[in-house]
Amino acid sequence: MNEKDTAPAAGPPHFIRNIIREDLKTNKYGGRVHTRFPPEPNGYLHIGHAKSICLNFGLAEEFGGLCNLRYDDTNPTKEEVEYVDAIEADVRWLGFDWDDRKFYASDYFDQLYQFAVQLIKKGKAYVCDLSPDDIREYRGTLTQPGKNSPYRDRSVEENLDLFERMRAGKFAEGSRVLRAKIDMAAPNLNMRDPAIYRVKKVHHHRTGDKWCIYPMYDFAHGISDSIEGITHSICTLEFEDHRPLYDWFLDQLEIYHPQQIEFARLNLSYTVLSKRKLLQLVREGRVSGWDDPRMPTLAGFRRRGYTPEAIRTFAEIIGVAKRDSVVDIALLEHCLREDLNKRANRVMAVLRPLKVVIENYPDDLVEEMDAINNPEDPAQGKRKVPFSKTIYIEKDDFREMPPRHYHRLAPGQEVRLRYAYFITCTDVIKDKNSGEVVELRCTYDPASRGGWAPDGRKVKGTIHWVSVKHAVPATVRLYDQLFSKDDPNDEEEGKTFLDYLNPNSLQELKNCQLEASLSKAKVGVPYQFERLGYFCVDSIDSKPSDFIFNRTVALRDTWAKIEKKTQD
RNA sequence: UGGGGCGUCGUCAAGUGGUAAGACACGGGAUUUUGGUUCCCGCAUGCGGAGGUUCGAAUCCUCCCGCCCCAGCCA
């Protein structure tokens, strides 16, 4: 028995793990496990890709195998280097490494060309002069068989000559394609003489102007897998119909044959995960860019403050199966909170400040209160938080007319200021014109320092605060779902997904006041603003003179839920 | 109406003939100087439906129903 057999299962069983275990048992690939993650560099990676990345790299890791990064760059009209760079940064950020195994389908253009020649020589491919419209016409329909192209029976010599001239740029785009000669009556449309090379007189981001013909996905992908010695070629469900073609090319060419396995792509509630739609959001300026914190892209999640660990946990927990499904975004948020709860240090910040003057507190006294950095991690120690006569509290932590079960501040009510004192509200000052509460007058109990009453009396609520003269001002961006409909892909009559954009997905609060220690806040470090949520410094817009924080995710708010329920 | 897939709790998802895991969500309770965290408890006599085989069926058979994908010289 070797190590692989005794190693504990890294995760719950799913059909692909089962297939690999079985293949290992029967020694199908000599004990190898070799996968690949094959993005097309035509957009940024999103959470759906993360599922695939975690699957492919994760499986390789789990079974002591390898996973290649391979760009499927066979269509230069859509692909750009910007995307190549972004993809690498994202995969690395997730914590995976391809070592020296970064490949491009374009690395294989010469070999691919030779394989096409081989197919022609075998009488299994031909150059077709039909126009795109005619090809569609000849293909038939779902229920009717297609008919053979009049060019289907050209001689091998003529095909070789024509294909060579295609490569040499002698023909216009759309005038000729190389097609596989399979079966125009096949019930699977993919087998009705699919195109394998087309003329595109465009510059390729890697091969420059060397080529003016480019291979199609179906031809390039399987051969690339074969060249790289891939064992399990994992892709999404829509390629299931392409598997016979994948197999056909490899069988005809008589080369090493990996197995293609399909799984259901990820769908997330309240979001869209199609490159086309995400690109549209970016191009039309509906969001600030691919890395807008509301985007489901890895770049967006990263900027928002998500951790790679949370995303990897999520990818594991959602499972892998073949049925279409929509995962509740709440599950992703759960994985996030679970991770952040362990690693984020606590800090106090007031988002919507309400000034409170503690009338019986000495005018110029400043006390340093002891605060615990992270109750989940004692190693993080303690810090000092300055306290003084005038502080800010959260507007929402005061109600002139407190509803039932409201534990916070109200006229005549006593609450605890976290790590500080018990205070009682004695007076409410309002704006003469608007009637809005602008300031509170309170008294404190000097005996309750640190938040403990020597007489043992209890106080219902504990609220956070920031000393006015020590406060660090900041802008805080609160995010909500980009779409207000649970399935924005379900476009009703006459509407598009854009009609479901949530107008309140971004709320910017300008006058926030942070605890003094936050003046040293760094990009990339998660903070929990106590009682509010997890926040991080915005990596793009924040400046020392103008602090900008993003709310990564709010804390669970049981009170909000109760209050909402009693209102309904 | 051709072909390929898929239907197990509100949402994901195990289960592969021996009598429905787990997670999220939801509801209840305990602890708590975050209405956070943590901890208990509850949550499918039922596996798309109807028949059948069997001592026994989510698992096998038959028929039916529903959903997704495919007619790019996209991937």
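Chain naming here is simple, since letters A, B, ... match the order of the sequence lines and numbering starts at 1 in each. The figures here come from the full heavy-atom set of this structure, side chains too, leaving out hydrogens, waters and symmetry mates.
- The base of rG3(B) is paired with the side chain of D241(A) by a donor and an acceptor separated by under 3.5 Å.
- Across all strands shown, K200(A) has heavy atoms under 4.0 Å from sugar-phosphate atoms exclusively, and none from any base.
- Relative ring orientation between W290(A) and Y83(A) is described as perpendicular, the plane-to-plane angle rising above 60° on a 0-90° scale split at 30° and 60°.
- Note on S131(A): a base of the nucleic acid sits closer than 4.0 angstrom, heavy atoms only.
- Comparing rG3(B), rG35(B), rG5(B) against the side chain of N188(A) picks out rG3(B) as the nearest.
- For the pair K485(A) and Y270(A), the NZ or CZ position fails the cation-pi test of under 6.0 Å to the six-membered ring centre and within 45 degrees of the ring normal.
- Distances shown here put every side-chain N or O of T462(A) at or beyond 4.0 Å from the OP1 or OP2 atom of rG35(B).
- Taking the six-membered ring where tryptophan is involved, the planes of F239(A) and H242(A) are perpendicular, since the angle between them exceeds 60° and thus also 30°.
- In this structure, the ring of Y126(A) has its center no less than 6.0 angstrom from the ring center of F163(A).
- The shortest distance between the side-chain N/O atoms of R408(A) and the OP1/OP2 oxygens of rG35(B) is not below 4.0 Å.
- Here R343(A) pairs with E309(A), D339(A) under the salt bridge (Lys or Arg N to Asp or Glu O under 4.0 Å) rule; sequence neighbours left out.
- Picking from rG5(B), rC73(B), rG35(B) the nucleotide with the shortest atom distance to the side chain of R198(A) gives rC73(B).
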With salt bridge (charged side-chain N to carboxylate O under 4.0 Å, His left out) as the test, would you mind laying out the steps for K382(A) and D370(A) before giving the verdict? CA-CA 7 Å; K382(A) 293 180 177 177; D370(A) 280 319; 5.4 Å; no

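- Across the interface with RNA chain B, nearest-nucleotide mapping of D73(A) and L555(A) shows L555(A) to be the residue nearer the 5′ end.
- The nearest whole Å value for the distance from the CG atom in L266(A) to the C1' atom in rA13(B) is 14 Å.
- Separating the P atom of rU16(B) from that of rA21(B) is a span of 13 Å, rounded to the nearest Å.
- Distance from the side chain of L189(A) is smallest for rG2(B) among the nucleotides rU34(B), rC12(B), rG2(B).
- Listed nucleotides rC12(B), rC24(B), rA75(B) differ in distance to A330(A); the shortest reach to its side chain belongs to rC24(B).
- Base orientation of rG15(B): anti (glycosidic angle beyond 90° from 0).
- Here rU11(B) is the nucleotide among rU11(B), rG35(B), rG3(B) with the atom lying nearest to any side-chain atom of D328(A).
- Here R176(A) does not reach the OP1 or OP2 of rC73(B): none of its side-chain N or O atoms lies under 4.0 Å away.
- In this structure, the CG atom of L268(A) is 17 Å from the P atom of rC24(B), given to the nearest Å.
- Using a cut-off of 4.0 Å between Lys/Arg side-chain N and Asp/Glu carboxylate O, R192(A) and D183(A) are scored as not salt-bridged.
- L532(A) comes within 4.0 angstrom of nothing in the nucleic acid, heavy atoms only.
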Enumerate the protein-to-nucleotides 37-41 of chain B contacts in which both atoms are nitrogen or oxygen and the separation is below 3.5 Å.
{"from": "rU37(B)", "atom 1": "OP1", "to": "R556(A)", "atom 2": "NH1", "distance (Å)": "3.1"}
{"from": "rU37(B)", "atom 1": "O2'", "to": "N341(A)", "atom 2": "ND2", "distance (Å)": "3.2"}
{"from": "rU37(B)", "atom 1": "O2'", "to": "E376(A)", "atom 2": "OE1", "distance (Å)": "3.4"}
{"from": "rU37(B)", "atom 1": "O2'", "to": "E376(A)", "atom 2": "OE2", "distance (Å)": "3.1"}

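- Nucleotides rG48(B) and rU31(B) place their C1' atoms 44 Å apart, quoted to the nearest Å.
- Using a 4.0 Å cutoff on non-hydrogen atoms, the parts of residues 413-422 of chain A near RNA chain B are R416(A), R418(A), Y419(A), ordered by number.
- Helical stems in RNA chain B, defined as runs of 3 or more consecutive Watson-Crick or G-U wobble pairs with donor-acceptor distances under 3.5 Å: B:2-7 with B:65-70, B:10-12 with B:22-24, B:26-30 with B:38-42, B:48-52 with B:60-64.
- Separation of the P atoms belonging to rC61(B) and rG72(B) is 36 Å when rounded to the nearest angstrom.
- Closest approach to the T141(A) side chain among rA23(B), rC24(B), rA71(B) is made by rA71(B) (side chain taken as heavy atoms from C-beta onward).
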Set out, in order, the CA-CA distance, both residues' side-chain angles and the distance that settles salt bridge (charged side-chain N to carboxylate O under 4.0 Å, His left out) for R139(A) and D193(A), then state yes or no. CA-CA 8 Å; R139(A) 187 157 31 226; D193(A) 291 11; over 6 Å; no

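- Close placement of the F529(A) and F535(A) rings is indicated, their centers lying within 6.0 Å of each other.
- Cation-pi geometry between R70(A) and F103(A) is not satisfied (NZ or CZ under 6.0 Å from the ring centre, within 45° of the ring normal).
- Here H334(A) does not lie in a stacked arrangement on the base of rA23(B), lacking the combination of planes under 30° and ring centres under 5.5 Å apart.
- I318(A) comes within 4.0 angstrom of the backbone, heavy atoms only, and of no base.
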Could you go through nucleotides 14-20 of chain B and list every protein N or O atom that sits under 3.5 Å from one of its N or O atoms, giving the distance for each pair?
{"from": "rA14(B)", "atom 1": "OP1", "to": "V320(A)", "atom 2": "O", "distance (Å)": "3.4"}

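- Among the nucleotides rC68(B), rC24(B), rC73(B), the one closest to any side-chain atom of L331(A) is rC24(B).
- Annotation: E137(A), atom CD; neighbour count of heavy atoms from other residues, nucleotides and ligands within 6.0 Å does not exceed 12.
- Classification of the Y197(A)-Y113(A) ring pair by plane angle, with boundaries at 30° and 60°, yields perpendicular.
- In this structure, the CD1 atom of I372(A) is 17 Å from the P atom of rG36(B), given to the nearest Å.
- Between F301(A) and Y306(A), the ring planes are tilted. Angles from 30° to 60° get that label.
- The gap from the C1' atom of rG46(B) to that of rA30(B) amounts to 32 Å, rounded to the nearest Å.
- The aromatic rings of F497(A) and F483(A) sit tilted, their planes meeting at an angle between 30° and 60°.
- Each of E240(A) and H407(A) has a nearest nucleotide on RNA chain B; the 5'-most of these lies closest to E240(A).
- For D218(A), the salt bridge (Lys or Arg N to Asp or Glu O under 4.0 Å) criterion is met by no residue, not counting sequence neighbours.
- Side chain of D72(A), nearest nucleotide from rA13(B), rG4(B), rA75(B): rA75(B).
- Within 4.0 Å (heavy atoms only), Q528(A) reaches at least one base atom of the nucleic acid.
- Proximity note for K565(A) (side chain, C-beta onward) versus rG3(B), rG72(B), rG28(B): the nearest is rG28(B).
- Remark: K322(A) is not in phosphate contact with rC68(B), judged by side-chain N or O atoms under 4.0 Å from OP1 or OP2.
- Geometrically, R416(A) does not engage Y421(A) in a cation-pi contact defined by less than 6.0 Å to the ring centre and at most 45° from the axis.
- Taking the side chain of M216(A) as heavy atoms from C-beta on, and the options rG3(B), rA23(B), rC74(B), the nearest nucleotide is rC74(B).
- Cation-pi geometry between K200(A) and Y214(A) is not satisfied (NZ or CZ under 6.0 Å from the ring centre, within 45° of the ring normal).
- Put simply, W559(A) rests on the base of rG35(B): the two rings are less than 5.5 Å apart at their centres and nearly parallel, under 30°.
- In this structure, CE of M348(A) is placed 18 Å from P of rG36(B), rounded to the nearest angstrom.
- No contact: K460(A) has no heavy atom under 4.0 Å from any strand.
- Residue V326(A) is in sugar-phosphate contact alone, with no base atom involved, counting any heavy-atom pair closer than 4.0 Å across all strands shown.
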